[in-house]
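Contents: one structure, followed by commentary.
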Amino acid sequence: MSKLPLSFYQKEDVVVVAKQLLGKLLFTNINGKLTGGIITETEAYDGVVDKACHAYGGRNTNRTATMFLNGGITYVYLCYGIHHLLNAVSGKEGNPQAVLIRAIEPTVGVEIMLQRRKMEKLAPRITAGPGALSQALGIDKNLNAKDFLSNEIWIEDAKAYEDEKIVATTRIGVAYAQEHALWPFRFYIKGNKYVSKPNS
DNA sequence: TTCCCGATTTACT
DNA sequence: GTAAATCGGGAAA
């Protein structure tokens with residue numbers, strides 16, 4: 001398998017990127033520790049027109065500047081003062097779109113992930129949920145604005161899921177975005193155990 | 001500089 | 001089911 005090219009992320013429609021990322025393989029190699037798995041859940045954040053997006057209305061600050069860059073890089077930020085959340089920036093430069101990676105199914109480096117999560121044995125909650133996933137993979141804001149062809153974090157190509165295996169629903173934790181909270185911008189793989197909240 | 005609050009998780013009752 | 005933890009960003013002053 002090979003790494004996804006930057007052109008994959010630079011499509012105009014972030015929703016398409018979010019759907020196509022399902023089933024791809026996300027890896028990190030932090031301090032020589034290789035971990036990774038299959039992406040099972042994503043959410044799209046559609047730039048300046050999306051009230052749930054940090055860059056809504058063209059808000060360009062130290063934090064959100066990363067999203068305005070060309071697609072194919074990471075956007076990592078701290079939420080609730082505790083959790084690092086991993087996004088894949090998409091679209092072209094100046095168009096602040098991003099895909100939140102919410103969950104993976106671990107396949108490589110499970111022992112390392114168990115240690116990082118302080119867990120005794122494997123359970124879905126190890127990587128089901130954006131904060132949990134980042135902790136398991138060793139992601140923090142030092143990985144912000146890295147491109148997805150780096151040696152620390154990357155995504156490899158894999159067979160795409162058929163549409164009937166993909167569930168589209170509303171996003172999590174964005175009630176403050178009013179009517180935009182109803183947009184069906186969350187995608188996950190039907191029946192997979194490594195999904196943060198299957199019912200919504 | 002101050003104040004408010006969040007793209008969550010976990011440990012309780 | 002409900003609440004606490006915890007800190008940096010963004011807006012206002």
Side-chain angles (χ1 to χ4, degrees), chain A residues 9 14-15 17-19 21-22 26 37 39-69 71 73-91 95-106 113-146 153 155 167-189 193-200:
Chain A
Y9 306 93
V14 65
V15 172
V17 178
K19 274 180 77 170
L21 276 175
L22 290 175
L26 171 67
I39 297 174
T40 56
E41 183 179 355
T42 62
E43 283 181 6
Y45 285 82
D46 192 13
V48 297
V49 300
D50 182 358
K51 286 185 183 175
C53 181
H54 291 159
Y56 171 66
R59 190 165 49 203
N60 189 337
T61 64
N62 281 342
R63 177 174 65 153
T64 62
T66 308
M67 273 199 285
F68 286 81
L69 300 177
I73 62 174
T74 61
Y75 169 48
V76 180
Y77 78 98
L78 188 63
C79 187
Y80 294 99
I82 304 172
H83 306 287
H84 294 278
L85 272 58
L86 172 67
N87 297 252
V89 176
S90 78
N95 190 3
Q97 300 178 327
V99 177
L100 172 66
I101 313 291
R102 290 190 54 88
I104 66 170
E105 177 181 339
M113 291 191 252
L114 286 171
Q115 272 182 17
R116 284 180 178 146
R117 298 277 289 128
K118 296 184 171 63
M119 290 171 62
E120 301 272 315
K121 61 175 197 173
L122 190 59
R125 54 178 279 264
I126 189 173
T127 51
L133 173 157
S134 296
Q135 190 181 352
L137 293 184
I139 293 167
D140 61 26
K141 62 182 184 177
N142 292 324
L143 283 183
N144 187 38
K146 298 276 185 193
I153 183 166
I155 297 177
V167 181
T169 182
T170 53
R171 293 175 290 187
I172 304 288
V174 294
Y176 66 89
Q178 303 167 34
E179 71 275 17
H180 294 178
L182 300 177
W183 289 358
F185 277 12
R186 173 169 175 249
F187 305 96
Y188 64 88
I189 296 171
K193 289 189 176 62
Y194 295 90
V195 169
S196 59
K197 294 181 182 175
N199 314 308
S200 64

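Source: prediction; values computed, not measured.
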Roughly how far, to the nearest 0.5 Å, is the [atom2] atom of [Y] from the [atom1] atom of [X]?
| X | Y | atom1 | atom2 | value |
| --- | --- | --- | --- | --- |
| A/Glu43 | A/Leu21 | CD | CG | 13.0 Å |
| A/Phe187 | A/Glu41 | CZ | CD | 11.5 Å |
| A/Leu78 | A/Asn144 | CG | CG | 11.5 Å |

Any residue in residues 127-142 of chain A with a heavy atom nearer than 4.0 angstrom to DNA chain C? Just list them by number, or reply none. none
Sorted by number, residues from residues 45-69 of chain A placing a heavy atom under 4.0 Å from DNA chain C are A/Arg59, A/Thr61, A/Arg63, A/Thr64
Any heavy-atom pair between the side chains of A/Val99 and A/Val14 that's under 4.5 Å? yes
When you compare the side chain of A/Leu26 with that of A/Leu86, does any pair of heavy atoms fall below 4.5 Å? yes
Is a side-chain donor or acceptor of A/Thr74 paired with a backbone partner of A/Lys146 at a separation under 3.5 angstrom? yes
For [X], enumerate each residue passing the side chain to side chain donor-acceptor pair (under 3.5 Å) test, keeping only those at least two apart in sequence or located in another chain.
| X | value |
| --- | --- |
| A/His83 | none |
| A/Tyr194 | none |
| A/Glu179 | A/Lys51 |
| A/Lys19 | none |

Residue list, salt bridge (Lys or Arg N to Asp or Glu O under 4.0 Å) with A/Asp46, at least two apart or on another chain: none
If a pair means Watson-Crick or G-U wobble with both distances below 3.5 Å, what does DNA chain B look like in dot-bracket form, with | marking bases paired to a different strand? ||||||.|||||.
Per-pair distances, 0.1 Å, donor-acceptor, side chain in residues 123-140 of chain A, under 3.5 Å, sequence neighbours excluded:
residue: A/Thr127; atom: OG1; partner: A/Ile104; partner atom: O; Å: 2.7
residue: A/Ser134; atom: OG; partner: A/His84; partner atom: O; Å: 2.7
residue: A/Ser134; atom: OG; partner: A/Pro130; partner atom: O; Å: 3.1
residue: A/Gln135; atom: OE1; partner: A/Arg117; partner atom: NH1; Å: 3.0
residue: A/Gln135; atom: NE2; partner: A/Arg116; partner atom: O; Å: 3.0
residue: A/Asp140; atom: OD1; partner: A/Asn142; partner atom: N; Å: 2.9
residue: A/Asp140; atom: OD1; partner: A/Asn142; partner atom: ND2; Å: 3.3

Pairing residues for A/Tyr80 by the side chain to side chain contact (heavy atoms under 4.5 Å, CB included) criterion, not counting sequence neighbours: none
Under 3.5 Å, which protein N or O atoms sit close to an N or O of nucleotides 3-6 of chain C? Give each pair with its distance.
residue: C/dT6; atom: O2; partner: A/Tyr80; partner atom: O; Å: 2.6

Reading DNA chain B from 5' to 3', where do the contacts with chain A start and stop? Cut-off is 4.0 Å to heavy atoms. B/dG6 to B/dT10
For A/Tyr75 and for A/Arg125, locate the closest nucleotide of DNA chain B by heavy-atom distance; then report the residue assigned to the nucleotide nearer the 5' terminus. A/Tyr75
Which heavy atom of A/Tyr9 sits nearest a heavy atom of A/Gly71, and at what distance? CB-C, 3.9 Å
For A/Tyr75 and A/His54, test the side chains for any donor-to-acceptor distance below 3.5 angstrom and give the result as yes or no. yes
